[in-house]
*Asks:* 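Supplied in structure tokens, the structure appears directly below.
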Amino acid sequence: MDIKSVGGNCDRMLLQASSDNPTAQYVIGMLENEHKDWLNNLPFSIQTEDFYFCHASPESDEQYLLHDITLNGAILKQPQDIMNLVKEIPQNIIFCGHSHLPAIVYLPNGKVIVNPGSVGLPAYEEDEPFYYKMESGTPFANYTIVEKHDSDWIFAQINIAYDVTDAIKQSEKLNRPDWARALKFGHV
């Protein structure tokens, strides 16, 4: 199966010699050269006739496409602000991630932005530019199915339970109680 992937900020972090992030430190120590080569060759974006895929936004693998981070938490950006970020993208269906928050946003210009959510990390905390949380509110894996029926695109966002027991144990073993909570509850 030829599965395509785009690179993101954490993939870039794993290619550094070291990191302050304890989880990245753990993973960096496990990476073989073939893993590093694969990570290093991930494209920033993938484009098809109908779809544009990026990790975060078309401009950066760290810029949230759909959300602004405020002192009150993550809030959905205004449609015009999102349209400004995707104005150079010819495709009408744009997939992004980074926030781990599943969402489908229909813009006035006819474009649709899809964030399928996350499989494996439904919530996390950040300290920059100030402390904030991204929480999906569910421990389930999230993904999106997109199908074309006649000339219409149909979007289905799926939440599915899966066994997170081993991942929770590993998170606790690595002194990541925040990830264990996220995996159990979808909150940090």
Side-chain angles (χ1 to χ4, degrees), residues 1 3-40 42 53-57 61-76 95-105 113-146 155-188:
M1 184 176 279
I3 298 174
K4 305 286 187 211
S5 297
V6 296
N9 61 311
C10 289
D11 302 309
R12 230 179 351 91
M13 182 190 331
L14 293 176
L15 291 170
Q16 298 169 1
S18 64
S19 172
D20 294 337
N21 181 300
T23 302
Q25 290 171 3
Y26 173 75
V27 174
I28 288 169
M30 295 174 45
L31 294 177
E32 301 289 337
N33 284 336
E34 69 182 283
H35 304 126
K36 292 175 186 176
D37 289 344
W38 184 80
L39 289 169
N40 200 41
L42 289 173
F53 298 88
C54 60
H55 173 76
S57 81
D61 66 8
E62 293 186 323
Q63 177 185 34
Y64 296 109
L65 180 55
L66 296 178
H67 294 90
D68 281 323
I69 304 303
T70 71
L71 292 173
N72 295 321
I75 60 169
L76 190 63
F95 294 83
C96 66
H98 192 53
S99 71
H100 298 224
L101 303 179
I104 298 175
V105 176
I113 312 297
V114 178
N115 186 328
S118 175
V119 175
L121 188 60
Y124 62 92
E125 306 169 279
E126 289 288 347
D127 293 324
E128 299 291 332
F130 41 77
Y131 177 80
Y132 67 93
K133 302 181 215 179
M134 298 301 263
E135 300 176 303
S136 70
T138 174
F140 300 145
N142 307 118
Y143 63 95
T144 303
I145 296 174
V146 180
F155 302 90
Q157 288 204 302
I158 311 297
N159 296 319
I160 187 165
Y162 68 106
D163 186 357
V164 296
T165 306
D166 289 343
I168 291 169
K169 287 178 186 174
Q170 187 69 8
S171 296
E172 291 168 341
K173 178 181 169 186
L174 294 173
N175 197 30
R176 291 302 305 260
D178 55 331
W179 281 35
R181 274 192 312 279
L183 289 163
K184 285 180 191 175
F185 307 114
H187 296 278
V188 290

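In what follows, residues are counted from 1 in the order of the sequence shown.
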*Asks:* For Lys4, what residues pass the side chain to side chain donor-acceptor pair (under 3.5 Å) criterion, not counting sequence neighbours?
*Replies:*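 In terms of side chain to side chain donor-acceptor pair (under 3.5 Å), with neighbours along the sequence ignored, Lys4 is linked to Asp2.
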
*Asks:* Minimum heavy-atom separation for Gly117 to Asn142, with atom names?
*Replies:*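 Looks like CA-CB, 3.9 Å.
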
*Asks:* For Tyr124, check ring pair (Phe, Tyr, Trp, His ring centres under 6.0 Å) against everything at least two apart and list the hits.
*Replies:*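 In terms of ring pair (Phe, Tyr, Trp, His ring centres under 6.0 Å), with neighbours along the sequence ignored, Tyr124 is linked to His100.
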
*Asks:* Distance from Leu65 atom CG to Cys54 atom SG, nearest 0.5 Å?
*Replies:*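 Answer rounded to 0.5 Å: 6.0 Å.
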
*Asks:* Enumerate donor-acceptor pairs with a distance under 3.5 Å from any side-chain N or O in residues 174-188 to protein atoms, sequence neighbours excluded.
*Replies:*
unit_1 : atom_1 : unit_2 : atom_2 : d
Arg176 : NE     : Asp178 : OD1    : 3.0
Arg176 : NH1    : Thr23  : OG1    : 2.5
Arg176 : NH2    : Asp178 : OD2    : 2.8

*Asks:* I need the minimum non-hydrogen distance between Ile113 and Cys96, along with the two atoms involved.
*Replies:*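 Nearest heavy atoms, Ile113 then Cys96: CG2-SG, 3.9 Å.
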
*Asks:* If you apply the rule side-chain contact (heavy atoms from CB on, under 4.5 Å), what do you find for Phe95 with Val146, and how did you get there?
*Replies:* CA-CA 11 Å; Phe95 294 83; Val146 180; 3.6 Å; yes

*Asks:* Sequence neighbours left out, what passes side chain to side chain donor-acceptor pair (under 3.5 Å) with Thr144? Give chain and number order.
*Replies:*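 With neighbours one apart ignored, the set is Gln157.
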
*Asks:* What pairs with Thr165 under side chain to side chain donor-acceptor pair (under 3.5 Å), at least two apart in sequence or on another chain?
*Replies:*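 Expected list: Asp163.
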
*Asks:* Could I get the full list of ring pair (Phe, Tyr, Trp, His ring centres under 6.0 Å) partners for His55, not counting sequence neighbours?
*Replies:*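 Listed in chain order: His98.
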
*Asks:* Glu126: what forms a salt bridge (charged side-chain N to carboxylate O under 4.0 Å, His left out) with it, not counting sequence neighbours?
*Replies:*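 None.
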
*Asks:* Test of understanding: with side chain to side chain donor-acceptor pair (under 3.5 Å), list the residues that count as partners of Ser57, not counting sequence neighbours.
*Replies:*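 Expected list: Gln63.
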
*Asks:* Can you list, pair by pair, the side-chain donor-acceptor contacts under 3.5 Å of residues 25-39, counting residues two or more places apart and other chains?
*Replies:*
unit_1 : atom_1 : unit_2 : atom_2 : d
Gln25  : NE2    : Ser19  : O      : 2.6
Tyr26  : OH     : Gln170 : NE2    : 2.8
His35  : ND1    : Glu32  : N      : 2.9

*Asks:* Specify the closest pair of heavy atoms between Ser136 and Leu101, including all atoms of both residues, with the distance to one decimal.
*Replies:*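 So the minimum-distance heavy-atom pair works out to N-CD2, 3.6 Å.
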
*Asks:* Working to the nearest 0.5 Å, report the span between OH of Tyr132 and CG of Leu71.
*Replies:*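 It comes to 12.5 Å.
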
*Asks:* For Ala74, enumerate each residue passing the side chain to side chain contact (heavy atoms under 4.5 Å, CB included) test, keeping only those at least two apart in sequence or located in another chain.
*Replies:*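 Here the qualifying residues are His67, Ile69, Met134.
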
*Asks:* Enter the distance from Leu42:CG to Asp61:CG here, rounded to the nearest 0.5 Å.
*Replies:*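 Here the rounded value is 11.0 Å.
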
*Asks:* Using the side chain to side chain contact (heavy atoms under 4.5 Å, CB included) criterion, which residues pair with Phe140? Sequence neighbours excluded.
*Replies:*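 For Phe140 the side chain to side chain contact (heavy atoms under 4.5 Å, CB included) partners, ignoring immediate neighbours, are Thr138, Asn159, Ala161.
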
*Asks:* Just do the side-chain contact (heavy atoms from CB on, under 4.5 Å) check on Ser99 and Asn115 with the steps written out, would you?
*Replies:* CA-CA 8 Å; Ser99 71; Asn115 186 328; 3.0 Å; yes

*Asks:* In the structure I gave you, are the side-chain heavy atoms of Glu128 and Glu62 within less than 4.5 Å of one another anywhere?
*Replies:*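 Side-chain contact under 4.5 Å: no.
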
*Asks:* Could you pull out the closest heavy-atom pair between Ile160 and Tyr143, with the gap in Å?
*Replies:*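 Shortest heavy-atom contact: CG2-CE2, 3.9 Å.
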
*Asks:* Mind checking the CD1-CD1 spacing from Ile145 to Ile158? Nearest 0.5 Å is all I need.
*Replies:*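 Interatomic distance, Ile145 CD1 to Ile158 CD1, rounded to 0.5 Å: 4.5 Å.
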
*Asks:* Check side chain to side chain contact (heavy atoms under 4.5 Å, CB included) between Pro139 and all other residues, then give those that pass, not counting sequence neighbours.
*Replies:*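 Here no residue qualifies.
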
